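Labels below follow one simple rule: chain letters A, B, ... track the order of the sequence lines, proteins then strands, and each chain is numbered from 1. Model, not experiment: these values are computed from the prediction.
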Amino acid sequence: MRLKVTSWNVNSVRLRLDSLKRFIAEHQPDVLCLQETKVPDEHFPRAEIEAMGLPHSVVHGMKSYNGVAIFSTRPFEASTSRSWCGKQDCRHIAVRTDGIEVHNLYVPAGGDVPDPKVNPKFKHKLRFLKETTAWFAAEAPRDRPMILVGDLNIAPLENDVWSHKQLLKVVSHTPVEVELLGRLQATLGWVDAIRHFVPETEKLYSWWSYRNRDWAKSDRGRRLDHVWVTPVLARGLREHHVARAARDWMPATDHVPVTATLEI
DNA sequence: ATGGTTGCACGGCAA
């Protein structure tokens, strides 16, 4: 059976309904994980998205900031959301479908200054990574079929950014973040489902800043959005897709959908 | 070096 899983930071789900409809029609994901929905649950346009062919959903949001959701062609056997760093800021939601746990994460961006002593947002980001790492390490054995997706707000590899050298002190690509993301990845032996298909020598991005006149021409991107699978699922990996074209869909988003397809 | 843009229960904050 095919399982096609997409992660997309939509930066306001209410502004993105036309783009969501187009993406779902063109790519037909089975499980669609959204981040930065920016809407409280009572105002979430849930029925509209369910009508696009994904009739099962869970949402977990708040006013103005953050927010995560999962839509699916198949019913959920369970769903949970966890809070991290003592904050109720809607950065995690998880479901089980077909015996597979799917975790959808929105890691804090971390602000501008990569120093936890002077920047509380960066401190929060590091702490969030440590807490999620401890939780996955304690929670689940490696042989459990699990998928972790989301806007992890870290581009770990040299070719996950347009210039490794120029971004070494830029939040999202600093060594301390990359190291912590590596520890999270090591907990369950998570396999990077996108780099499974794209060699590390090749540039690959999922985000381009709004602050570029011509994002495609300058192509100063970063790969902040990820799909990971546990080792037991990795042998089923069949395809990947980064919907670069969606960067031009109006109104524009800075993140594009990232998809992995597996046979389960 | 700086400034560049977007979104949000509308305006300072987060990204």
Could you state the CH2-C1' distance from A:W215 to B:dT6, rounded to the nearest angstrom? 17 Å

For A:K38 and B:dC13, give me the distance from atom NZ to atom P, rounded to whole Å. 15 Å

Donor-acceptor pair under 3.5 Å, A:R211 side chain vs B:dA15 base: yes

Between OH of A:Y210 and P of B:dG4 the distance, given in whole Å, is 18 Å

So, using side chain to side chain donor-acceptor pair (under 3.5 Å) as the criterion, who are the partners of A:E77 when residues are at least two apart? A:R96

To the nearest Å, how far apart are A:F122 CZ and B:dA14 C1'? 16 Å

Protein-nucleotide distance (A:M62, atom CE; B:dA15, atom C1'), rounded to Å: 14 Å

Grab the CH2-P distance between A:W207 and B:dT5 for me, whole Å please. 14 Å

Cluster overlap A:V191 with A:M146, hydrophobic side-chain contacts below 4.5 Å: no

Classify the nucleic acid contact of A:R220 as base, sugar-phosphate or nothing, counting any heavy atom under 4.0 Å across all strands shown. nothing

What pairs with A:D112 under side chain to side chain donor-acceptor pair (under 3.5 Å), at least two apart in sequence or on another chain? none

Under 4.0 Å between a side-chain nitrogen and a carboxylate oxygen: does that hold for A:D30 and A:R2? yes

Counting the atoms with a prime plus P, OP1 and OP2 as sugar-phosphate, which does A:R91 contact under 4.0 Å by heavy atoms, base, sugar-phosphate, or nothing? sugar-phosphate

Report the distance from atom CG of A:N9 to atom P of B:dT6, rounded to the nearest whole Å. 16 Å

